[in-house]
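A short worksheet on the structure shown next.
Order of the sequence lines sets the chain letters (A, B, ...), proteins ahead of strands, with each chain counted from 1.
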There are 2 protein chains.
Amino acid sequence: MLYAVFMSSVLPPFPQPQEPFDTPQLLEVGPAPEEPCLRADAARNRARLLEAAARLIAEHGVAGVTMEAVAAAAEVGKGTVFRRFGDRTGLLMALLDHSSRQLQADFLGGPPPLGPGAPPVERLRAFGVAVLYRSADQLDLQLAAQPEPTRRYANPPIQALRTHITMLLRQVEPNADCELLAQTLLAYLDPAQIHHLTRQCGMPMERLEAGWTDLVDRVTRTAPTR
Amino acid sequence: MLYAVFMSSVLPPFPQPQEPFDTPQLLEVGPAPEEPCLRADAARNRARLLEAAARLIAEHGVAGVTMEAVAAAAEVGKGTVFRRFGDRTGLLMALLDHSSRQLQADFLGGPPPLGPGAPPVERLRAFGVAVLYRSADQLDLQLAAQPEPTRRYANPPIQALRTHITMLLRQVEPNADCELLAQTLLAYLDPAQIHHLTRQCGMPMERLEAGWTDLVDRVTRTAPTR
DNA sequence: TACGAATCCGGACCGAAGTCCGCTTAATTT
DNA sequence: AAATTAAGCGGACTTCGGTCCGGATTCGTA
């Protein structure tokens, strides 16, 4: 599996501007198209670093992705890695960026039932399944890319997902506290939880999938699908 | 706030026997009463360490709880800390142990609506509220005690909570996949999520509480409480 | 009380994340 | 083209979690 290395654009430069939390201002164009345009050498190094990281993963698994190892493999100083990606989590999230955008594009503008056109509840069902399977492969990377608890819910990709769920919910249950319900639904799709259920409890994906459908039905007070 | 330092008994001694995952064998007496009885010096040091850790938290916050600092404050070698608690997470969980057992005792054998006697749905509601507020104070500690993603759902206190929810759910929705629903409900009570909603999004606890009630209603397909 | 073995102790040691700061280099301006 | 300056670079350094192992303690047994 390759991790879409060559184009992606995330992450605060360096002093890490401590982004204003959780204002769901997005939903405009999906992702910002291009950051303030890196200097030539910076851009080159960024690409090298992502490529190096992907190679390291392929060879030694996520555990092999040490900041120093990446720096070395990219023939770059350690400081450069941190400047560009902030921290290890940032680097790993950058590796996931491509698939993240892909998913976002799919549910924002792709064909139904994931994209617009299908009724909200069906979009919700499709959404969960999509996220579920996306997390299922990439699981190791997703787990490793999980930031410390305090930032877990405060990063752009997650917020995009939550915003989308919220929007769909509002169309079905306009009088409910859709933010909270969305949070709950999103939690069901948490990589750590998927990991626990599939790898530690041995549940098959089909069961998780059915569980999602059922959960959506209950949360939206829809009659059971079956 | 003090952290119940003097009695508690958790955590694998040292070689960390990698406990068999997730077999919900508990529910027998709640917690195991006493571990294989530590050697005198070990027990003494254990108490000292917990006391020292609590003191450090009181003085410098959770961030001040460095394994070395704790060791020093307890006038003990660093290795001793790790031998006793396995890792930092283990130490912090030990600090939470008392309140953990308290809660467990309350819902296993306390007075209704938390304890047995009330109808299941009401017990569920009470349970959520209890957990919610317990996590709300202690939040910092709870967050810091959160293990890395791979172990997040695989520790005794969490499993006890999940088992309990599952049992209650089964009484209400015997034909549903109660394990998965329980997991979902439990996720709503996750400290990281509470932190995000209250401190980062600024929601008041009352809203979270209402959200829980509503969620329970929906998940159990009960008519809205209001 | 003496002894042996299991348990425990402690601190030196290691690896990796993250910081710092003087130097270099690419873009911009004149 | 030279000068200016903001951005980037790199690697030494710090900090902290976690490991290791020779030596000390405790406790059951004789």
>> Just N and O in the side chain of A/N45: are any of them under 4.0 Å from OP1 or OP2 of D/dC9?
In response: yes
> Between C/dC9, C/dA26, D/dT25, which nucleotide gets closest to the side-chain atoms of B/A42?
Replying inline: C/dC9
> Hey, which of these two, B/R44 or B/E68, hits DNA chain D nearer its 5' end, going by closest nucleotide?
Replying inline: B/E68
>> Given C/dC8, C/dA12, D/dA6, identify the nucleotide with an atom nearest to the side chain of B/K78.
In response: C/dA12
> Is the distance from OP1 or OP2 of D/dG10 to the nearest side-chain N or O of A/T80 less than 4.0 Å?
Replying inline: yes
> With sequence neighbours left out, what residues match A/A69 under side chain to side chain contact (heavy atoms under 4.5 Å, CB included)?
Replying inline: A/L56, A/T66
> Rounded to the nearest Å, what distance is computed from the CG atom of residue B/D87 to the P atom of nucleotide D/dC16?
Replying inline: 17 Å
> A/L92 has an atom CG; how far is it from atom C1' of C/dA17, in whole Å?
Replying inline: 13 Å
> Ion pair present between B/E51 and B/R46, side-chain N to carboxylate O less than 4.0 angstrom?
Replying inline: no
> Pick the nucleotide of DNA chain D nearest each of A/V76 and B/V65; which residue has the one closer to the 5' end?
Replying inline: A/V76
>> Using whole Å, what does the distance between atom P of nucleotide D/dC16 and atom CG of B/L56 come to?
In response: 12 Å
>> What verdict does the side chain to side chain contact (heavy atoms under 4.5 Å, CB included) test give for A/W212 and A/L185, after you've listed the backbone C-alpha separation in whole Å, the side-chain angles of each residue and the deciding distance to 0.1 Å?
In response: CA-CA 8 Å; A/W212 170 260; A/L185 288 182; 3.9 Å; yes
> Where do B/A71 and B/L49 come nearest, in terms of heavy atoms and distance?
Replying inline: CA-CD2, 4.3 Å
>> My understanding is that only residues two or more places apart in sequence, or in another chain, count here; which of them pass ring pair (Phe, Tyr, Trp, His ring centres under 6.0 Å) with B/F127?
In response: B/F107, B/H164
> B/L38 has an atom CG; how far is it from atom C1' of C/dC9, in whole Å?
Replying inline: 14 Å
> What is the distance, rounded to the nearest whole Å, between atom CZ of A/F82 and atom P of D/dT14?
Replying inline: 17 Å
> Can you check the A/R83 CZ to C/dA17 P distance for me, whole Å?
Replying inline: 18 Å
> Roughly, in whole Å, what's the span from CG in B/L91 to C1' in D/dG18?
Replying inline: 14 Å
> Phosphate oxygens OP1/OP2 of C/dC9: is one of them under 4.0 Å from a side-chain N or O of B/R84?
Replying inline: yes
> Rounded to whole angstroms, how far apart are CE on B/M67 and C1' on C/dA16?
Replying inline: 17 Å
>> Taking any heavy-atom pair under 4.0 Å as a contact, classify B/R88: base, sugar-phosphate, or nothing.
In response: sugar-phosphate
